[in-house]
Amino acid sequence: MAKQVAFQNANGTETKSKPTKKTKVDYKARALGLRAQRENLPIYSARSAIISKVREHSTVVIVGETGSGKTTQIPQYLLESGFTTYGQTCIAVTQPRRVAATSIAKRVSEEVGTPLGARVGYTIRFEDCSSEKTQLKFCTDGLLLREILSDPLLRRYTVVVLDEAHERTLRTDILLGMLKDIQRERKRVAELNAEAERTQHNEYSDSRNSRATGTHIKFTDEAEDDQPPIGEAVVDSVYGDVTGIGELKIIVMSATLDAERFSEYFDQAPILYVAGRQFPVTTYFTTQPQSDYLDAAHLTVLQIHTETPSTSGDILVFLSGQEDIENVERLLRESAAQFPKGVPHLLPCPIFAALPQAQQSLVFEPAPEFTRKVILATNIAETSLTIPGIRHVVDSGVHKVRGFDPRIGESLLVEPISKSSARQRTGRAGREAAGFCYRLYTEADFAQLDEDSVPEIKRCQLSMVVLQLKAAGVNDILKFDFMDRPSKRALKHALLELYALEALDDKGELTQLGRWMSEFPLEPTYSKVIYASQKLGCTREVIDIVSLLSVDSLFYIPADKREESNAAQMTFRSKDGDHLTYLNLLRAYNKVNGDREWCHEHYVNRRNMRHVLDVREQLNRLCTRLSLDTSKSCGAELDAVLKCFLSGFFHNCALLQPDGSYKSLSGSQTVHIHPGSSMFSKKVPAIFYDQLVFTNKLHARAVSAADPLWIAQASPKLYGRISQL
DNA sequence: CTTGCACGG
């Protein structure tokens, strides 16, 4: 081979862990069989140290490397140590991802030896596998956040364990802030309870004189029938009856050594370190910077393949997105076709979130005889998926990052990864045995990388976050104790957006509409649209379309089938734009009952369509509970639907210019209609869009035609003038 | 004029 990528060995090796094996449910006997395995985990020797630290401190930070067993064991140690009481209190363990919450709950219930949903259970959106008996509940962090809105003190829980906190997802960060508040309030309320107990046991003291300000104790003789028979109810001026509520313990679990930040945030909480099970990974850097990482990735894979036996394990390549993956796949197929006889086959397996399930699962199947798999992956393989059999990792050093700046809007750009991300990628080579990692950048470039990625909360739109905080009673958003504070500009932008949507009044206080909107698991723009649909009589259509917009791709478009998939999409096309096109798609999908073949023929992403139906069902149920008539339909008068959308999306409008381009109303920027849109290359006086994302250009996604007059009516204060245009 | 990293409710 003429072209080569030169590598050099890094100083030292990097290591990672061994996964636990999946097993079948078999309750008591099975649990007994698992006990030896549990006691063999690295964390087992730290059991009593962990428990006593949790008893002594309100908050404990635990750093556990992959394979330490922290995720499955620590919740069980707490359960065994009496941190909960049957039928009354519970331990919550949060995960950033749904699959993790469910699979860990399954494993732990096996180890505990009870059926799933009994003593150990899980709750995620659309799926509740827990009961009155549940004392250990695994859930997504987003779900626990929702629970705070209906139970501001989280009174059911004695301990909350935040797992994977180092990932710093938007929801983990908000949860950290809110839990810190809740912990302080619980401490105050717990003291009230302790004091009530003391006064009750002292027959000489007058309890009325010994209470904290702002509270009073109800006497049993003035109580309703639902009062406990013995003793007195403890009532707090803010939370009402707080009888029996104790302190809230918080355990922050992290896989990396950034624990000091968590410890500082929780008033110097103690940090415990637990070692993992690891295999060494030999890491190489390129000797020269690579101008084209796709070419470098392609050549490196060929080098690994020819220089090591194919039985030495599969190759995992980290790339930035679908386009990169499809390009490298093509290069590899071309090269593999020219292998001389006797060289083992090379099987490229792409994997990214938008890929249909059937193709995703190929990654997990063992390669055929005399064949080596090359997994071409996005960040999905960094944390979300663990692919067995990987011994070689090729790291491009880049990923795609969503950004947000109120001045520019949203963006989606390829950027260098952080050091911790590079280490995480490297670790993927050492899950089962010693491995190798090839970094397609120099050691000097690695040294220049940021230590950690920027937390999500600093690079996304915050209107939904701010609405949630307001609904949870956080009045001064600018003073909220964020672990990493978003910019003042971003927070003010969110406050202004909520004001424009009439969720906040001119004092910045939550309006009745804002309270109503906060009930929805939706961006506030969407809940506003649903609200507007009642007056205009098209709630059924609006809920359908909002559900359709909750997934990011309704169609799957492979690079080589663009023409065909476009033709298939034409079947659903509405002249008014994407919103009604999507509605047509849903109706067609329902007519064939989501038939698999039909979806395949029309390039419809079936998994995402199922999610749409789940969201729709949840929204319908929620609306009914809030006494909205979800059957209100506008029939063929679909203009009403577009008008509703404008009541939430008046900020997302653009007007046609004499030169045929569109300029946004809010920022006077040139916006380009996304090529996948039914409005692409169409000229109408005005458009509105679901999203504006900067990639190489400002692209408007999910676009529909709008009457300029409707825009003026939707927000007379902002755009009243355009009716005169 | 030709395109969407990953998640969550």
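Labels below follow one simple rule: chain letters A, B, ... track the order of the sequence lines, proteins then strands, and each chain is numbered from 1.
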*asked:* Considering every strand and a 4.0 Å limit on heavy-atom distances, what is the contact class for D552(A): base, sugar-phosphate, or nothing?
replied: base
_N or O in side chain of T378(A) less than 4.0 angstrom from dA6(B) OP1/OP2_ = yes
*Mind checking ring-ring contact (aromatic ring centres under 6.0 Å, His included) for F480(A) and listing every partner two or more places apart, or none if nothing turns up?*
F482(A)
*Between CG on residue L491(A) and NE2 on residue H493(A), distance to nearest 0.5 Å*: 11.5 Å
*asked:* Within the 4.0 Å heavy-atom criterion, would you say S384(A) contacts the bases, only the backbone, or no part of the nucleic acid?
replied: sugar-phosphate
*Would you mind classifying the nucleic acid contact of T695(A) as base, sugar-phosphate or nothing, using non-hydrogen atoms under 4.0 angstrom?*
sugar-phosphate
*asked:* Whole angstroms only, please: what is the CD-C1' distance between Q95(A) and dG8(B)?
replied: 13 Å
*asked:* I need the NE2-P distance between H611(A) and dC7(B), as an integer number of Å.
replied: 12 Å
*E323(A) atom CD, over 12 foreign heavy atoms within 6.0 Å*: no
*Among dC7(B), dG4(B), dT3(B), which nucleotide sits nearest the side chain of H674(A)?*
dT3(B)
*Whole angstrom is fine here: how far is it from NZ in K400(A) over to P in dC7(B)?*
15 Å
*Within less than 4.0 Å of OP1 or OP2 of dC1(B), is there a side-chain N or O belonging to S661(A)?*
no
*asked:* With side chain to side chain contact (heavy atoms under 4.5 Å, CB included) as the criterion, how do R439(A) and R425(A) come out once you've worked through the C-alpha distance, each side chain's angles and the decisive distance to 0.1 Å?
replied: CA-CA 10 Å; R439(A) 292 177 173 164; R425(A) 289 179 173 190; over 6 Å; no
_Whole angstroms only, please: what is the NE2-P distance between H699(A) and dC5(B)?_
12 Å
*Examine dC7(B): is either OP1 or OP2 under 4.0 Å from a nitrogen or oxygen in the side chain of T383(A)? Give yes or no.*
no
_Quick check for you: among dC7(B), dT2(B), dT3(B), whose closest atom lies nearest to any side-chain atom of N696(A)?_
dT3(B)
*L412(A) side chain: which of dC5(B), dC1(B), dC7(B) is closest?*
dC5(B)
*Are side-chain heavy atoms of T383(A) and Q424(A) found at a separation under 4.5 Å?*
yes
*Any idea how F645(A) and F688(A) line up, ring-wise: parallel (<30°), tilted (30 to 60°), or perpendicular (>60°)?*
parallel
*asked:* Give the residues of residues 515-523 of chain A touching DNA chain B, defined as any heavy atom closer than 4.0 Å, sorted by residue number.
replied: P521(A), L522(A), E523(A)
*With the threshold set at 4.0 Å, does a side-chain nitrogen-carboxylate oxygen contact exist between R701(A) and D690(A)?*
no
_Atom pair distance, as rounded to whole Å: CG in N605(A) and P in dT3(B)_ = 20 Å
*Give R562(A) one of three labels, base, sugar-phosphate or nothing, depending on what nucleic acid heavy atoms sit under 4.0 Å from its own.*
base
*Would you mind telling me which residue lines up with the more 5' stretch of DNA chain B, V401(A) or L170(A), judged by nearest nucleotide?*
V401(A)
*asked:* Judged by each residue's nearest nucleotide on DNA chain B, which is more toward the 5′ side, A354(A) or Q618(A)?
replied: A354(A)
*Let me know the distance between NZ of K697(A) and P of dC1(B), rounded to the nearest Å.*
8 Å
*Give one of base, sugar-phosphate or nothing for R125(A), where a contact means two heavy atoms less than 4.0 Å apart.*
base
*Of the candidate nucleotides dG8(B), dC1(B), dA6(B), which contains the atom at the shortest distance from the side chain of E456(A)?*
dA6(B)
_More than 12 heavy atoms of other groups within 6.0 Å of E563(A) CD_ = no
*Tell me what R402(A) touches on the nucleic acid: a base, only sugar-phosphate, or nothing, going by heavy atoms under 4.0 Å.*
base
*Name the orientation class of the two ring planes belonging to F446(A) and Y441(A) (parallel below 30°, tilted from 30 to 60°, perpendicular beyond 60°).*
parallel
*Check the distance between dA6(B)'s C1' and Q360(A)'s CD and give it to me in whole angstrom.*
12 Å
*Hey, does the side-chain of R171(A) have a donor or acceptor N/O within less than 3.5 Å of a partner on the base of dC7(B)?*
yes
*Would you indicate which nucleotide in dG4(B), dC1(B), dC5(B) comes nearest to any side-chain atom of Q322(A)?*
dC5(B)
*Looking at the side chain of R701(A), which of dG4(B), dC1(B), dC5(B) is the nearest nucleotide?*
dG4(B)
*Rounded to the Å, how far apart are N608(A) CG and dC7(B) C1'?*
13 Å
